[in-house]
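Following: one structure in structure tokens, then a few remarks.
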Amino acid sequence: MALPGFKSIPLPLVQLSLSAVLKCGQSFRWSILTSEATQENSSEPSHTHIEYRLCLKDRVVCLRQSPDTLFYRSVFPDPQPLSTNLLEHEKETLEWLKDYFQLNIDLVSLYKQWGHKDKVFSKFQERFEGIRILRQDPWENLISFICSSNNNISRITKMVQGLCREYSPPLLSMEHPFSPKETLTYYPFPPPSTLAASPVGLKLRALGFGYRADFIQKTAKMLVDAHGIDAPISPHHSTEASEIWLAQLRKRSTADARQELLKFVGVGRKVADCILLMSMDKKEVIPVDTHVIQIATKHYGFKGSTSGKTNMTPKLYEEISTKLSSIWGEYAGWAHTVRIPLLSLSVIIPNLSL
DNA sequence: TATCGGCCTAATGT
DNA sequence: AACATTAGGCCGA
């Protein structure tokens, strides 16, 4: 089935479910645009009713999805590229999407492996199809997850988007896909040098970042001071030297990269592990968050405190991480992303353990 | 080396 | 209606 203005590739929902992946707390900068009329109907939103948009480098990428197809198109700041060049641009967008969603990884075979090794997973796996790890920009990921501490997904999303609106010039504006009267503006993620300036802490605090405001400014300043801001000249998108240095951590070992990340203010073990998994290719890393603790105590034989709430200690973190790694194996971090749907399901269907 | 109180804020629970 | 707890924790003592 064709969609006017969009390119497409065949891609089954079991490999990628945008609605699940883009809301599961990995990335906080996507616009998820729906048509009000059909939102009330509990029937699954299809490619005609929901569009996902992200400002990616020099363009806004728009995505829609049907059960077997991914639709994509790119919008540029005016003037739009000539139609002779448009094909090349869409080709580039597709390459970026393959990289961002790591489409070379076969999720179905991973699910099969996890289900084979893990009764809990096999029991629930049909219920959370298409949930995979994104390969995000390390700098954006670092700041986003500093925001995540002691926080919830909806607030983190507001904070990250507010930060982009405050500190980046708009890339472009375009109309809402389902209500053309509404104009939406898209902002890139601001570079380290912008967030390193000293008044940023105060401003972010005023924007509701709480105690994380200073962590962000200080982390940005540490990066800029240590690795500089030189960047190749580019009209709409550039990458500063410290961002490039950060991205180079992908080439280091997990332990080395983690050690570097832990030096930043506002980055502890859990946040470092999120960054390793979601932007630095460390597919085996399991960030142990409150949801993972709940699952570990509920389904995998960890004993919580008698009063219901277990408080985290470095030792407990290590124990849970090690245990789940031994169950899920090489792609353990990928397996762990289903924790939120798993938890909501196991409320309905309790009574499972290894 | 381990533990503990404090920290911003908004939403939900008691 | 106040008050406590929770949400993808981290820092400093």
Side-chain angles (χ1 to χ4, degrees), chain A residues 20-30 128 131-134 136 140-163 166 200-222 258-280 282 285-299 302 304-321 324 332-347:
Chain A
V21 171
L22 300 184
K23 284 189 289 194
C24 74
Q26 293 190 63
S27 168
F28 304 96
R29 209 159 51 86
W30 284 85
F128 35 74
I131 300 180
R132 57 169 60 237
I133 294 290
L134 303 175
Q136 299 183 69
E140 173 179 344
N141 207 223
L142 169 62
I143 298 304
S144 299
F145 277 86
I146 288 176
C147 294
S148 79
S149 79
N150 213 346
N151 208 346
N152 59 71
I153 291 177
S154 71
R155 186 175 163 216
I156 301 164
T157 303
K158 283 176 198 159
M159 286 162 62
V160 170
Q161 299 192 356
L163 181 147
E166 184 68 31
V200 166
L202 275 174
K203 177 88 101 177
L204 289 180
R205 209 164 253 272
L207 285 177
F209 280 62
Y211 56 81
R212 305 161 197 84
D214 293 312
F215 294 165
I216 291 170
Q217 185 270 329
K218 286 176 180 165
T219 288
K221 182 158 172 42
M222 285 170 71
R258 180 185 287 127
Q259 196 175 5
E260 290 296 333
L261 291 172
L262 287 172
K263 292 176 184 171
F264 295 113
V265 197
V267 179
R269 176 65 192 268
K270 187 268 171 183
V271 168
D273 282 358
C274 285
I275 299 163
L276 290 170
L277 174 66
M278 299 175 194
S279 70
M280 294 193 173
K282 307 306 184 204
V285 172
I286 302 174
V288 181
D289 59 33
T290 61
H291 296 142
V292 172
I293 297 172
Q294 285 184 59
I295 287 178
T297 55
K298 191 163 189 173
H299 298 299
F302 278 84
S305 78
T306 50
S307 61
K309 166 168 177 253
T310 18
N311 33 2
M312 185 46 88
T313 64
K315 201 178 87 180
L316 182 60
Y317 191 109
E318 210 56 51
E319 285 173 4
I320 292 179
S321 183
L324 294 179
W334 284 55
H336 114 288
T337 36
V338 305
R339 72 209 181 292
I340 293 175
L342 180 82
L343 263 182
S344 60
L345 279 180
S346 56
V347 171

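For the numbers below, each heavy atom of this structure counts, side chains included, while hydrogens, waters and symmetry mates do not. Lettering follows sequence order; numbering is per chain, from 1.
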(request) Classify the nucleic acid contact of A:Met159 as base, sugar-phosphate or nothing, counting any heavy atom under 4.0 Å across all strands shown. (result) nothing
(request) Give one of base, sugar-phosphate or nothing for A:Arg205, where a contact means two heavy atoms less than 4.0 Å apart. (result) sugar-phosphate
(message) Measure CG/A:Asn151 against P/B:dC8 and give the value in whole Å, please.
(response) 13 Å
(request) Please examine the side chains of A:Ile320 and A:Ile293, heavy atoms only from C-beta on, and report whether any two atoms are closer than 4.5 Å. (result) yes
(request) Once you apply the 3.5 Å cut-off to both distances, tell me the Watson-Crick or G-U wobble partner of B:dG6, or none. (result) C:dC10
(request) With the side chain counted from C-beta on, respond yes when A:Asn150 and A:Arg212 share a heavy-atom pair under 4.5 Å apart, and no when they do not. (result) yes
(request) Give a yes/no answer on whether the side chain of A:Gln294 brings an N or O atom under 4.0 Å of OP1 or OP2 in C:dT6. (result) no
(request) Quote, to the nearest angstrom, the P distance that separates B:dG5 from C:dT5. (result) 13 Å
(request) Send over the distance from A:Lys203 NZ to B:dC8 P, rounded to a whole Å. (result) 20 Å
(message) Can you confirm whether A:Ile153 sits close enough to A:Ile340 that some side-chain heavy atom of one is under 4.5 Å from a side-chain heavy atom of the other?
(response) yes
(message) I need the CZ-P distance between A:Phe264 and C:dC11, as an integer number of Å.
(response) 12 Å
(request) Identify which nucleotide among B:dC8, C:dC10, B:dT3 has an atom closest to any side-chain atom of A:Lys270, counting heavy atoms from C-beta outward. (result) C:dC10
(message) When you measure only distances, ignoring hydrogens and angles, does the side chain of A:Tyr211 come within 3.5 Å of the base of C:dG9 through a donor and an acceptor?
(response) yes
(message) Please tell me if A:Arg212 has a side-chain N or O lying less than 4.0 Å from either OP1 or OP2 of B:dC8.
(response) no
(request) Starting at atom CG of A:Asp214, determine the distance to atom P of C:dG12, rounded to an integer number of angstrom. (result) 11 Å
(message) I'd like to check A:Leu343 versus A:Arg339 (side-chain heavy atoms, cut-off strictly below 4.5 Å). Are they in contact?
(response) no
(message) If I take atom CG from residue A:Leu22 and atom SG from residue A:Cys24, how far apart are they, to the nearest 0.5 angstrom?
(response) 8.0 Å
(request) Using a 4.5 Å cut-off on heavy atoms from C-beta on, say whether the side chain of A:Met280 contacts that of A:Val285. (result) no
(message) A side-chain contact here means heavy atoms from C-beta on lying under 4.5 Å apart; do A:Leu207 and A:Leu204 qualify?
(response) yes
Filtered N/O pairs between nucleotides 11-14 of chain B and protein, under 3.5 Å:
none

(message) Let's see if you can work this out: which of B:dT3, C:dG9, C:dC11 has an atom nearest to the side-chain heavy atoms of A:Thr290?
(response) C:dG9
(request) In whole angstrom, give the distance that lies between atom CG of A:Leu316 and atom P of C:dG9. (result) 14 Å
(request) Quickly work out the A:Tyr317 OH to C:dG9 C1' distance and round it to whole Å. (result) 10 Å
(request) Would you classify A:Cys147 as touching base, sugar-phosphate or nothing, given that sugar-phosphate means primed atoms plus P, OP1 and OP2, and contacts are heavy atoms under 4.0 Å? (result) nothing
(message) For the P atoms, the ones on B:dC8 and on C:dA13, what distance do you get once it is rounded to whole angstrom?
(response) 15 Å
(request) Please tell me if the side chains of A:Gln217 and A:Lys203 come closer than 4.5 Å, counting only heavy atoms from C-beta onward. (result) no
(message) Please give the distance between the P atoms of B:dG6 and C:dA4 as a whole number of Å.
(response) 14 Å
(request) Classify the nucleic acid contact of A:Val288 as base, sugar-phosphate or nothing, counting any heavy atom under 4.0 Å across all strands shown. (result) nothing
(message) Students often get this wrong, so: under 4.0 angstrom with heavy atoms, is A:Val271 touching a base, only sugar-phosphate, or nothing?
(response) sugar-phosphate
(request) For A:Ile146 and C:dG9, give me the distance from atom CD1 to atom P, rounded to whole Å. (result) 14 Å
(request) Mind calculating the distance between CG (A:Leu262) and P (C:dG9) to the nearest angstrom? (result) 16 Å
(message) Assuming nearest nucleotide by heavy-atom distance, tell me which of A:Phe28 and A:Val265 is located more 5' along DNA chain C.
(response) A:Phe28
